[in-house]
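Single-structure report; data block below.
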Amino acid sequence: MTKPSIGLIFKTAAIDGLREILYFPLWWYGTGLGETLVKLLRSIRGSVRYFGVDVWAKNLFVPMYGDDSFGGRAISLLVRASVLSFRAVGVLLWTFCAVALAVLYLVLLPVATVGFVVHLIGILS
């Protein structure tokens, strides 16, 4: 059995490394972006469940404590509407955070690349 030459090993490693470096931006804005957006959307849906907005909205017109009188229904509607609005604000804030994270994901690679090149030029000069 023959041993592979050191030159062939380095050549293969260099070609594979260069291929991975060139493929990385395609992965970042393709597969990576898709996975990130899916996770953020899943997180937003989870925040709706966490804050219970769907349950509060479904029960908005159901009288609290079984009080079917006009006053009981009115108070129930006001209380549930106010609680629902505060919970919806929580979901809205998390949605803004998720959008900010998505924008950060889009901007991170170019900013990191520019920073790397600027520091590399500073080191080499």
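Quick note: residue numbers are just sequence positions, from 1. Since this is a predicted model, take the numbers as computed values, not measurements.
For the pair P25 and L109, the minimum side-chain heavy-atom distance is below 4.5 Å. Considering only heavy atoms from C-beta on, R73 stays 4.5 Å or farther from L77 through its side chain.
Across A98 and L40, no two heavy atoms sit closer than the pair O-CD1, 3.5 Å. Nearest heavy atom pair, residue L37 against residue A102, reads CD2-CB, 4.0 Å. Across every non-hydrogen atom of P63 and D68, the tightest pair is CG-OD1, 3.4 Å.
Distance check, rounded to the nearest 0.5 Å: OG1 of T36 to CG of L41 gives 11.0 Å. Within the model, atoms OG of S85 and CH2 of W56 stand 10.5 Å from one another, a figure rounded to the nearest 0.5 Å. Between the CD1 atom in I121 and the CG atom in L124 there is a gap of 8.0 Å [rounded to 0.5 Å]. If you take CG on L22 and CD on E20, they are separated by 10.0 Å, rounding to the nearest 0.5 Å.
The same ILVMFWY cluster, assembled from side-chain heavy atoms under 4.5 Å apart, contains both V79 and Y65. Note on L33: it clusters hydrophobically with L26, by side-chain heavy-atom contacts below 4.5 Å among ILVMFWY residues. There is a path of hydrophobic side-chain contacts, each under 4.5 Å, that joins V111 to V103. Under the 4.5 Å side-chain heavy-atom criterion for grouping Ile, Leu, Val, Met, Phe, Trp and Tyr, V89 is not connected to V53 through any hydrophobic cluster. One hydrophobic cluster holds both Y29 and Y23 under the rule that ILVMFWY side chains link at heavy-atom gaps under 4.5 Å.
A donor-acceptor distance shorter than 3.5 angstrom exists from the side chain of R80 to the backbone of V62, with no hydrogens or angles considered. A donor-acceptor distance shorter than 3.5 angstrom exists from the side chain of R87 to the backbone of F51, with no hydrogens or angles considered.
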One pair to check against side-chain contact (heavy atoms from CB on, under 4.5 Å): M64 and I75. What are the steps and the verdict?
CA-CA 9 Å; M64 294 172 68; I75 291 172; over 6 Å; no
Would V91 and Y50 count as a side-chain contact (heavy atoms from CB on, under 4.5 Å) if you check the C-alpha gap in whole Å, the side-chain angles of each, and the deciding distance to 0.1 Å?
CA-CA 9 Å; V91 171; Y50 176 77; over 6 Å; no
Does W94 form a side-chain contact (heavy atoms from CB on, under 4.5 Å) with S43? I'd like the steps, not just the answer.
CA-CA 9 Å; W94 177 245; S43 174; 2.9 Å; yes
What verdict does the side-chain contact (heavy atoms from CB on, under 4.5 Å) test give for K58 and D54, after you've listed the backbone C-alpha separation in whole Å, the side-chain angles of each residue and the deciding distance to 0.1 Å?
CA-CA 6 Å; K58 183 174 63 173; D54 50 350; over 6 Å; no
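In this structure R45 satisfies the salt bridge (charged side-chain N to carboxylate O under 4.0 Å, His left out) test with no other residue, sequence neighbours excluded.
Ring centers of W28 and Y105: under 6.0 Å apart, within the cut-off.
Aromatic ring orientation, W27 versus F24: parallel (interplanar angle below 30°, classes split at 30° and 60°).
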